[in-house]
Amino acid sequence: MKPGMLMVVSGPAGVGKGTLVKQLMSQRERVVLSVSATTRMPRPGETDGTQYWFKDRQEFESMIRSNQLLEWVEYCGNYYGTPVGHVRSCIAEGKVVVLEIEVEGALSIRKQFPDSVLVFVLPPDLAELEERLRGRGTEAPEVIGRRLERAAEEFRFLPHYDYYVINDEIDAASDVMARIVDTEQLRISRNPDIVDRFLT
Ligand code: 5GP
């Protein structure tokens, strides 16, 4: 069996992480997405258990207390966290589990799983990012402002990441992501069976 792997995908709001990861999943069947829990309100078209598990603050805090989350943060006034069960079982099945999470969560994952792979999705430039965020039309102007400020903070974490992917053109960007997955799968440290086979 190929080794299971954790891949963290971060990047500022509006950069197109979601679309990129969806495309990656259609290119590589071993890639699965971890569905986070959040207290943020669903956006139009979002359903419980698909984009997120939508919780109220009390439910979320109870998940924290009972250690059901691998990591969690408060981001722009809402809680977000990664449920532990699905991640662990998928890794055990040899899947590549993608966590689409922000930078603080990413660092927490890296601490807990030193062999996780951290990928940062970048916009072609900052003006493009602002345009995409406004064009999305799902957030109020003050929320967009907060998210742009937050983006500037998130870029400071870039040095902690392993790879960057510029999401200029979706097909090209998802090809790059697929190549990262393929290459990481070939690490000797992830393939002890290969070592055993050739060591006599
Ligand atoms: P949004 O509200 O736009 O869906 O997500 C806001 C931010 O929270 C994004 O950067 C997203 O990647 C991040 N996020 C989503 N789920 C989680 C999670 O479980 N943990 C952490 N740390 N961040 C998350």
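Whatever order the structure lists them in is the order used to number ligands and atoms, beginning at 1.
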Centroid-to-centroid, Tyr80 to Tyr75, below 6.0 Å?
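That pair passes the under 6.0 Å test.
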
Decide salt bridge (charged side-chain N to carboxylate O under 4.0 Å, His left out) for Arg134 and Glu131; before the verdict, give the C-alpha distance in whole Å, the side-chain angles of both, and the deciding distance to 0.1 Å.
CA-CA 5 Å; Arg134 291 191 197 288; Glu131 207 161 287; over 6 Å; no

Can you list everything that forms a salt bridge (Lys or Arg N to Asp or Glu O under 4.0 Å) with Arg40? Sequence neighbours excluded, please.
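Arg40: salt bridge (Lys or Arg N to Asp or Glu O under 4.0 Å) contacts with Glu46.
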
For Tyr79, enumerate each residue passing the ring-ring contact (aromatic ring centres under 6.0 Å, His included) test, keeping only those at least two apart in sequence or located in another chain.
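If we apply the ring-ring contact (aromatic ring centres under 6.0 Å, His included) test to Tyr79, skipping adjacent residues, the hits are Phe60, Trp72.
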
Is it true that a side-chain atom of Asn191 and a backbone atom of Gln185 form a donor plus acceptor pair closer than 3.5 Å?
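Side chain of Asn191 to backbone of Gln185: a pair is present.
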
Show me a pair-per-line table, with atom names and distances to 0.1 Å, of protein N or O atoms that are under 3.5 Å from an N or O of ligand 1.
unit_1	atom_1	unit_2	atom_2	d
ligand 1	2 (O)	Arg40	NE	2.5
ligand 1	2 (O)	Arg43	NH2	3.4
ligand 1	2 (O)	Tyr80	OH	2.5
ligand 1	2 (O)	Arg147	NH2	3.1
ligand 1	3 (O)	Arg43	NH2	2.9
ligand 1	3 (O)	Arg147	NH1	2.7
ligand 1	4 (O)	Arg40	NH2	2.9
ligand 1	4 (O)	Tyr52	OH	2.5
ligand 1	5 (O)	Tyr52	OH	3.2
ligand 1	10 (O)	Lys17	NZ	3.2
ligand 1	12 (O)	Glu100	O	3.1
ligand 1	16 (N)	Ser36	OG	3.1
ligand 1	19 (O)	Ser36	OG	2.7
ligand 1	19 (O)	Glu71	OE2	3.4
ligand 1	19 (O)	Gly81	N	3.2
ligand 1	19 (O)	Gly81	O	3.0
ligand 1	19 (O)	Thr82	N	3.3
ligand 1	19 (O)	Thr82	OG1	3.4
ligand 1	20 (N)	Glu71	OE1	3.4
ligand 1	20 (N)	Glu71	OE2	2.7
ligand 1	22 (N)	Glu71	OE1	2.9
ligand 1	22 (N)	Glu102	OE2	2.7
ligand 1	23 (N)	Glu102	N	3.1

Throw together a table of side-chain donor-acceptor distances under 3.5 angstrom for residues 6-16, partners on residues two or more places apart or in other chains.
unit_1	atom_1	unit_2	atom_2	d
Ser10	OG	Ile101	O	2.7
Ser10	OG	Tyr161	OH	2.6

